[in-house]
Amino acid sequence: MNVIQTAVQSALTPSAVRVAVQRLRTWLPAGPVAVLGDDAPGLVRGLRQAGFAVQGTTDGRTAAAGVIVIEHADAAEPGARLRPLLAELSGPVCLVVAGDAAATANRAAWEAAVIKAEWRKHPLNERVAPYGELDRITGLLMIAFERVPDQAILKYPLKALEEERDLHTDMTREPGRRSDAHMTRYSQAAQFIRPGDRVVDVACGLGYGSYQLAHNSLAASFTGLDASDYAVDYANTNFAPVSPAPMKFVVGDAQHLSEMADGSAEFAVSVETLEHLPEPDRLLAELHRVLSPQGRVYASVPNDWSDETGEDPNPFHFHVYDWPRLVAQFQRNGFIIEKAWLQDAGGGQKRHLSARSMLEIDPVAGPPGDGEWLLVLARKADAPRSSGDDVLQHCHALLADGDGGKALAQLEGEFSSPDALRRARAQVIAAILANAEGDQELSIARWRLARAAARDALSLPDSEGEAAGLLSLAVQQLQEGSEARPGAFQRHLMAYPAIVSGLLGGDLPMPCDGDDRGVVSGPGEGAEQISLGSRDVRQLMEAKEWLDGKYHEYTQRISELERYNSELEQARHWLDGQYHALTTEIQRLNKLHAPATDGGE
């Protein structure tokens, strides 16, 4: 088959290639990329245009990462096609499935095939597979994986892990919706970790969540705590040795964090924990003590999984949560809910037909409808606010209203601040605003000042992490210079999501956990320009929230109607049976009592 014919018949259309390249460039590491599997000239060309060095079917082990394209495969055995391709790669790999292969085998089947080969979902998988889009985009599947470390495979092969599934689950080695639901929470939580934060993961399980947090944030360190010796040993074997940040896992009781000093952490994660504890208030009280004055906690609980008896059918759950109970519990332990979400996954104990979604809700009004899980981000009620944070808060509000000029005026005092980190932040914001206005000369001048201030801030231990990120961002912008290709500026900003979103006060325009858009329009190569004012954006967000609420409401109604239809169908079958039985009996009785006929007539 020649290249031209393959290109024409390829299921990767130009729009699919654009989406794939846009996501891959937020995930691929630096270095050459090996593209294996079915021919995909459009994807190869798109990656090269985005600045990646693409190599062909030569030894994939020399590549920094791999992309496997599958358009045609046997749905009964997807692993047969993948195994030889995976054997050629040592670095992380992104599976791109399209065409017949995407139509005949679902996402979970492809995940299971790769996991069976002793790989696991990549901690940055959310960048290529945004959670909110998994049930909305068809014809293109993207899943990122990395090899399980050799020492971990020797001690914990997949077969051994499957035997422990009822008690311990590593969601990176588990296919399907429930795995997606658990992993996306950690990707979301990482957005709120500040550079340099010390993070504690309470009831960390097998440690995959801490590993995700480490890859998706600029935290200084991680401590995972769990009551299970098995879980702690698994986490220390599988994740701690390959974490990008210092990480340790210890055995401990979530209700007694006595080994942790007061104010020894800035961020805590407690996912699916409170309902498992006999006294969940003790955990929140302990977290209030352990967290620093600016500390925050991210938590999730099942949203009213009770049955007709009012009890949770899960034997490991001590409590049934709803929104009022969750809020009251946080408030009486000294926390204020800053943000909240309603999550669905489908296929579970509740809302079986729901699509995977993460709907942000008003933390004051509560959820507008039903959902499978409740998630919250809370801060200590007595947390002080520094003047520097106040300046950034004012800038965020002005930028949200589309008033960059007033935001820049708000920063004037920060340019001469004695705090080098505050100067660096202000100069970066000013540089981004200048670039947005098209003033390249002023933008470069601002980036130079930001670089100098960030270098000064590196000497301060409390600001070293964020200063290093700001310095790297400034250096990249200055290296690109005024001859930057379209999309380069946005691509560089997307490489520092935690820093840039913190400075600008909003999420970056890139596929992520809270972003349900299939394609992000912006100044990327070949992308269409879309300009919306802040009022338009707010109206769209409000419309989306209303539609999501209606979606949940009508999905629930559909589920109830389907149950009623099933009951009516059973009743109809019973009535039909009774009718036929009565008819047969009447016919029998008629024959018994029928008058005899004279055979001679």
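Nothing here was measured: the structure is a model prediction, and the numbers come from that model.
Tested against Asp456, the residues Arg451, Arg423, Arg422 include a single salt bridge (charged side-chain N to carboxylate O under 4.0 Å, His left out) partner, Arg423.
Side-chain atoms of Lys339 do not come within 3.5 Å of backbone N or O of Val376 as any donor-acceptor pair. A donor-acceptor pair under 3.5 Å links the side-chain atoms of Arg48 to the main chain of Val54, judged by distance alone. A donor-acceptor pair is defined here as one N or O able to donate and one able to accept, closer than 3.5 Å; such a pair exists between the side chain of His122 and the backbone of Leu124. Looking at Ser217, its side chain does come within 3.5 Å of a backbone N or O of Leu213 through a donor-acceptor pair. No donor-acceptor distance shorter than 3.5 angstrom exists from the side chain of Ser417 to the backbone of Glu414, with no hydrogens or angles considered. Checking side-chain atoms of Asp439 against main-chain N and O of Asn435 turns up no donor-acceptor pair under 3.5 Å. The backbone N or O of Arg185 sits nowhere less than 3.5 Å from a side-chain atom of Ser187 that would complete a donor-acceptor pair. Put simply, the side chain of Ser443 gets close to the backbone of Ala431: a donor and an acceptor are under 3.5 Å apart. Distance alone, capped at 3.5 Å, places no donor-acceptor pair between the Asn125 side chain and the Ile143 backbone. A distance-only check finds a donor-acceptor pair linking the side chain of Arg147 to the backbone of Leu89 [under 3.5 Å].
Proximity of Ile336 to Lys380: side-chain heavy atoms (C-beta onward) are nowhere separated by under 4.5 Å. For the pair Glu360 and Leu375, the minimum side-chain heavy-atom distance is 4.5 Å or more. Here the side chains of Lys121 and Met183 are in contact, with some heavy-atom distance below 4.5 Å. Counting heavy atoms from C-beta outward, Arg425 and Leu470 have side chains that approach closer than 4.5 Å. Within the 4.5 Å cutoff, the side chain of Leu377 has no heavy atoms near those of the Phe335 side chain. In this structure, Val67 and Val96 have side chains that are in contact, with non-hydrogen atoms separated by less than 4.5 Å. Side-chain contact check for Leu43 versus Leu24: some heavy-atom pair is nearer than 4.5 Å. Side-chain contact between His288 and Val297: absent, with no pair of heavy atoms (C-beta onward) separated by less than 4.5 Å.
Using cut-offs of 30° and 60° for the angle between ring planes, the Phe192 and Trp341 rings count as tilted.
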Candidate pair Val202 and Asp226, rule side-chain contact (heavy atoms from CB on, under 4.5 Å), full reasoning: CA-CA 7 Å; Val202 182; Asp226 198 273; over 6 Å; no

Verdict with reasoning, Tyr208 to Tyr186, per ring-ring contact (aromatic ring centres under 6.0 Å, His included): CA-CA 9 Å; Tyr208 68 91; Tyr186 291 99; 5.6 Å; yes

Check against side-chain contact (heavy atoms from CB on, under 4.5 Å), Leu478 and Ile444: CA-CA 7 Å; Leu478 291 171; Ile444 291 175; 3.8 Å; yes

Intermediate values then yes/no, side-chain contact (heavy atoms from CB on, under 4.5 Å), Leu359 and Ile361: CA-CA 6 Å; Leu359 173 67; Ile361 61 177; 4.3 Å; yes

Derivation of the side-chain contact (heavy atoms from CB on, under 4.5 Å) call for Phe222 and Asp197: CA-CA 9 Å; Phe222 292 86; Asp197 276 0; over 6 Å; no

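No side-chain donor from either of Gln343 and Ser357 sits under 3.5 Å from a side-chain acceptor of the other. Remark: the Gln188 side chain and the Tyr298 side chain contain an N/O donor-acceptor pair separated by less than 3.5 Å. Under 3.5 Å, the side chains of Asp170 and Tyr234 contain a donor-acceptor pair of N or O atoms.
For the atom pair CZ of Arg289 and CG of Leu284, the computed distance is 13.5 Å after rounding to the nearest 0.5 Å. Between the CG atom in Leu283 and the CD atom in Glu286 there is a gap of 8.0 Å [rounded to 0.5 Å]. In this structure, CZ on Phe267 lies 8.5 Å from CZ on Arg194, to the nearest 0.5 angstrom. Between atom CH2 of residue Trp447 and atom CD of residue Gln476 there is a gap of 10.0 Å, rounded to the nearest 0.5 Å. Summarising the geometry, atom CG belonging to Leu287 is positioned 9.0 Å from atom CG belonging to Asn333; distances are rounded to the nearest 0.5 Å. Interatomic distance, Arg18 CZ to Arg23 CZ, rounded to the nearest 0.5 Å: 12.0 Å.
A salt bridge links Asp180 with Arg356; the closest basic N to acidic carboxylate O contact falls under 4.0 Å. Ion pair Arg296/Glu266 not flagged as a salt bridge, since none of the NZ, NE, NH1 or NH2 atoms sits closer than 4.0 Å to an Asp/Glu carboxylate oxygen.
Nearest heavy atoms, Ala231 versus Gly205: CB-O, 3.3 Å. In this structure, Glu338 and Pro363 approach most closely via the heavy-atom pair O-CG, 3.5 Å. The two residues Ala65 and Pro29 make their nearest non-hydrogen contact at CB-CD, 3.7 Å. When all heavy atoms of Ser243 and Ala214 are compared, the closest pair comes out as OG-CB, 3.7 Å. The shortest heavy-atom contact between Ala16 and Leu140 is O-CD2, 4.0 Å. Scanning all heavy atoms of the two residues, the minimum distance from Ser210 to Met247 falls at O-CE, 3.3 Å.
With a 6.0 Å radius and a threshold of 12 heavy atoms from other residues, nucleotides or ligands, Gln151 has its CD atom above the threshold. For Asp262, the CG atom sits in a packed shell: over 12 heavy atoms of surrounding residues, nucleotides or ligands are nearer than 6.0 Å.
The distance between the ring centers of Phe239 and Phe249 does not fall below 6.0 angstrom.
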